[in-house]
Novice: 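Quick one: the structure is below, and I'll ask about it shortly.
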Amino acid sequence: MIKPSAAQLLEGLNEPQRRAVEVASGPVLVLAGAGSGKTRVLTHRVAFLIAAHGVRPHEILAITFTNKAAGEMKERIESLVGPIARTMWISTFHSACARILRKEAQSLGYQRNFTIYDAADQVRLVRRCLKELNLDDKRFPPRGIHAVISSAKNQLIGAEEFAGMTEDFFDDTVAQTYRLYQKMLFANNAMDFDDLMVRTVELFQNFSDRLEHYQSAFHHILVDEYQDTNHAQYTLVNLLGREHRNICVVGDDDQSIYSWRGADVRNILDFEKDYPEAVVIKLEQNYRSTQTILTAANHVVGHNQDRKSKELWTELGTGDPVTVTELDDEHAEARYVAGEAMRLQQDEGYRPQDIAVFYRVNAQSRVLEDILVRYGMAYRVVGGTKFYERAEIKDAVAYLTVIDNPADSVGFGRIVNSPKRGIGAATVASLTRFADAEGLTMTAAAARAGDIADLRTAAQKSLAAFSGLLRRLAETAGKSPVAETLDEALTASGYIEALQAERTIEAEGRIENLMELVGVAEEYDRRAAGEGSLSQFLQEISLYTDIDKLAETQEALTLMTLHNAKGLEFPAVFIIGAEEGIFPHSRSLEEQNLEEERRLCYVGMTRAMKRLYFCYTTTRNLYGGRSYNMASRFLGEIPDELLRFESKAGPSRVGGGSSFIGLQPDDTGIDEAAGGGGDTASFFSVGDKVVHAVFGDGMVTGVERGGTVAVRFVDGSERKLMVDYAPLKKK
DNA sequence: GAACGCCGTGTTTTT
DNA sequence: CACGGCGTTC
């Protein structure tokens, strides 16, 4: 590899980009508009620090928003400065803090193998706290309580402090729960996501030698997406940067879309107040989109009051108008998107992976997916139900977690009766009482099952067996790589066996997922080359999300929420559901968060390189009912001359009419007289060979109530179909 | 103890 | 509508 010289690192940069790379010391604020070459600036800046100023890579801390962004940055810097880049700290706030805390946990009274609870675990624990406090979870919904606790933590308000500032009964209850929640986390040797930051700040505030150590270690700090930092993260950056004051933050106040998660846009707006000597650089030349798209996006976000003025421009030319299409309903919308995506490929040479569809909420992907499957178009959904949130994966991970951290009672609760081994709620309650009374962890209490007087012998036996299983697994873990431990856990526990016994496609899918997890573990073992540990593996995957492994090369359309789209770009972008109540979301209207919705719209629009489409529908089925929405106000904020409007909405069709492509009811071979979805399913019986107009050959695997049959098709998929409507024939 | 089904309930975005 | 919690039944 030929390393570029310092001078070469500046080549090809525009003037402000160049300055952002060159200014080596002191605080720097880079206001980087969408598509303005921000990543380029960041990577070149780091390379320049190393090449021109002799900064050593391990003295640089670079914070990104996602693991994916971190990985990309690492790769790009490595291609500039070589493998030495690997000693840099490039990670998310969460990973960086986790790494620090692994080392320093003992100062805080934690053990270094602490477990990181994800959102579901956190809510579970809150629910348990509520139960223990005898609070009604109807009046105090665990999710809501957790949200309040989380936002307090984001502002570095601890349980005691929170208790001192409550104003009403509800807050008092939250305070009580917060206290217990924190106590339980500690007892479980566990932290939630927020704790990673909070505890790190705590460490630095209480142990000045630790703070000094890290302060002097990091000569340069870079923070990407600074507009999305919360108060805890802000504090962290300022603590760490206080000594050298070489803090470079990059962001765009117009792209601040995470205030609901505690992000505080003032962090970026006030940077110049925090650091009066800061050099401020604006990147406004855009290298991604056509001028039409940029002007449209500028107009939309220009309706916000609270922003630093900024105007994107480009040399890429005018381009096509923004297409706005009105449709009947969400099905028509999906068909339109699929059809237009196909046309773009056939007529204009787009590849599937060049096209993305963005929506406001995950639920919107379903209809779209249905249509795409029917049209035989490949797609991938980013986000949605994530791999690590699937029940079987959480179970498998819980086995590892409990082996690694026997104090983790949340994980213990997950696996104690999964697979079913006759340890029900009553037994677990006795076990919990016993553990509390004796001051033991659940794991340790289970090992003394025989001593629990109020358990029947059968329950004692089951518990003892489970405890033995855990002990054996812990032994395996002590001397084997992670993948082997996992494999052993899944086999010895009978987990896989139980799934196999189900003999369903779903269970097979679960087994496949588990095998994929084993693959992830194998990969880890290879990478760690004997240096790895179960704790470290668990930490890695607990901070891993699906967007991180988005591979661009697949020949498929990309579907994702607008939030997930941040930082990405696509030649053609569809934004669907551009309707009042959907986008902007009804809840944001109630909460006066319209400006953030508008920024979200701005983010979505500026992902598009060449073609941008908006769709809205006149009627939409939502939450079980039908709603009639108006077109999104954001569309009205785009000047007409930039738009091409078309309406494909007809007068409302009475009687509905099947909208399946090219199928007449007569083709189905079903006795129409039966009608009504009641008994028609009896026309089919299990084992029948059938043929479906779209999915091809299949076999009936089940007949259900409501005129539904389950059919397994040759492609391996299993679907539930309404016999009255599905184009299904007996063969 | 487990499986089933009812009912009520809440529905944004996620490291 | 879809999910989860909870009570009922086996």
Side-chain angles (χ1 to χ4, degrees), chain A residues 63-70 91-98 116-120 122-124 127 130-131 136-139 141-144 146-147 150 153-154 191-197 225 228-230 232-233 256-263 330 358-364 366-367 382-386 388-389 391 417-429 456 458-459 462 541-548 560-566 577 581-591 593 596-597 599-601 603-604 620-627 705:
Chain A
I63 302 285
T64 60
F65 196 67
T66 63
N67 292 307
K68 177 171 181 265
S91 62
T92 61
F93 273 107
H94 294 82
S95 317
C97 289
I116 300 168
Y117 282 172
D118 72 3
Q122 293 166 34
V123 172
R124 232 180 149 95
R127 177 167 280 124
L130 291 168
K131 206 159 252 170
D136 179 8
D137 61 5
K138 294 269 163 12
R139 286 178 61 201
R143 287 185 61 94
H146 174 256
S150 171
K153 285 187 172 190
N154 285 330
M191 300 196 196
D192 62 18
F193 284 148
D194 304 316
D195 271 347
L196 294 174
M197 264 82 67
E225 308 282 11
D228 284 324
T229 50
N230 63 35
Q233 294 164 335
S256 160
I257 54 174
Y258 284 100
S259 74
W260 49 274
R261 209 170 84 190
E330 69 273 23
F358 302 156
Y359 34 81
R360 181 62 176 82
V361 298
N362 276 310
Q364 285 173 268
R366 283 188 57 150
V367 177
V382 178
T385 359
K386 294 180 208 67
Y388 288 103
E389 285 170 13
N417 200 29
S418 178
K420 305 260 179 283
R421 47 172 76 88
I423 304 175
T427 308
V428 172
R456 310 160 67 98
S462 316
I541 62 170
S542 61
L543 296 175
Y544 205 82
T545 62
D546 276 13
I547 189 158
D548 299 332
M560 67 178 100
T561 63
L562 285 149
H563 281 86
N564 269 326
K566 194 171 72 164
I582 305 281
F583 186 38
H585 194 272
S586 53
R587 202 137 147 190
S588 73
L589 297 171
E590 288 159 26
E591 290 167 14
N593 248 342
E596 180 146 315
E597 294 285 297
R599 290 192 291 269
L600 191 56
C601 187
V603 168
R620 180 178 292 271
N621 297 306
L622 204 61
Y623 308 136
R626 195 178 214 87
S627 67
R705 307 180 324 129

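Residue numbers start from 1 in every chain, and the chains themselves are labelled A, B, ... in the order their sequence lines are given, proteins ahead of strands.
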Novice: Could you pull out all residues at least two apart from A:E330 that satisfy salt bridge (charged side-chain N to carboxylate O under 4.0 Å, His left out)?
Specialist: none
Novice: Side chains of A:D195 and A:Y117: does their closest heavy-atom pair fall under 4.5 Å?
Specialist: no
Novice: Round to the nearest Å and state the distance from A:D192 atom CG to B:dT14 atom P.
Specialist: 19 Å
Novice: Report the distance from atom CG of A:D194 to atom C1' of B:dT14, rounded to the nearest whole Å.
Specialist: 11 Å
Novice: I'd like to know whether A:M560 forms a side-chain contact (heavy atoms from CB on, under 4.5 Å) with A:F358, so could you lay out the CA-CA distance, the side-chain angles of the two residues, the decisive distance to 0.1 Å, and finally the verdict.
Specialist: CA-CA 5 Å; A:M560 67 178 100; A:F358 302 156; 3.8 Å; yes
Novice: Less than 4.5 Å apart, any side-chain heavy atom of A:E225 and any of A:T66?
Specialist: no
Novice: Is any side-chain heavy atom of A:I582 less than 4.5 Å from a side-chain heavy atom of A:Q364?
Specialist: yes
Novice: Within the structure, does a side-chain N or O atom of A:S588 lie under 4.0 Å from either OP1 or OP2 of B:dT13?
Specialist: no
Novice: Can you check whether A:W260 stacks with the B:dT13 base, using ring centres under 5.5 Å and planes within 30°?
Specialist: yes
Novice: Using modelled atom types only, decide if a donor and an acceptor are shared between the side chain of A:S462 and the backbone of A:A458 within a distance under 3.5 Å.
Specialist: yes
Novice: Does A:R587 place a side-chain N or O at less than 4.0 Å from the phosphate oxygens OP1/OP2 of B:dT13?
Specialist: no
Novice: What's the NE2-C1' distance between A:H146 and B:dT14, to the nearest Å?
Specialist: 12 Å
Novice: With respect to the phosphate group of B:dT14, does any side-chain polar atom (N or O) of A:N362 fall under 4.0 Å of OP1 or OP2?
Specialist: yes
Novice: Would you mind telling me which of A:N593, A:N230, A:D228 makes a side-chain contact (heavy atoms from CB on, under 4.5 Å) with A:S259?
Specialist: A:N593
Novice: Between the protein and nucleotides 6-10 of chain C, which nitrogen or oxygen pairs come in under 3.5 angstrom?
Specialist:
none

Novice: Ring-on-base stacking between A:H585 and B:dT13, under 5.5 Å between centres and under 30° between planes: is it there?
Specialist: no
Novice: Could you check whether any side-chain N or O of A:D192 sits under 3.5 Å from a backbone N or O of A:D118, counting only pairs where one atom can act as donor and the other as acceptor?
Specialist: no
Novice: Do side-chain atoms of A:E597 reach the backbone of A:H585 as a donor and acceptor pair under 3.5 angstrom?
Specialist: yes
Novice: OP1 or OP2 of B:dT13 sitting under 4.0 Å from any side-chain N/O of A:N564?
Specialist: no
Novice: Please give, in whole Å, the distance from B:dT14 P to A:Q233 CD?
Specialist: 16 Å
Novice: Nearest whole angstrom, please: distance from the P of B:dT12 to the CZ of A:R366.
Specialist: 16 Å
Novice: In whole Å, what is the span from the CE atom of A:M197 to the P atom of B:dT15?
Specialist: 12 Å
Novice: Parallel, tilted or perpendicular: which describes the rings of A:F65 and A:Y258, with under 30° parallel and over 60° perpendicular?
Specialist: tilted
Novice: Looking across every strand, which nucleic acid part, if any, lies under 4.0 Å from A:R127 by heavy atom: base, sugar-phosphate, or nothing?
Specialist: sugar-phosphate
Novice: Using the 3.5 Å cut-off, write out each protein N or O paired with an N or O of nucleotides 1-3 of chain B and the distance between them.
Specialist:
| residue | atom | partner | partner atom | Å |
| --- | --- | --- | --- | --- |
| B:dG1 | OP1 | A:G424 | N | 3.4 |
| B:dG1 | OP1 | A:T427 | OG1 | 2.6 |
| B:dA2 | OP1 | A:G422 | N | 3.3 |
| B:dA2 | OP2 | A:N417 | ND2 | 3.1 |

Novice: Take atom OH of A:Y258 and atom C1' of B:dT15, then tell me their distance rounded to the nearest Å.
Specialist: 8 Å
Novice: Choose from B:dT15, C:dG5, B:dT11 the nucleotide whose nearest atom is closest to any side-chain atom of A:H94.
Specialist: B:dT15
Novice: Could you state the atom-to-atom distance from CG of A:N621 to C1' of C:dA2 in whole Å?
Specialist: 15 Å
Novice: Taking the nucleotide of DNA chain B with the closest heavy atom to each, which residue, A:F65 or A:P141, is nearer the 5' end?
Specialist: A:P141
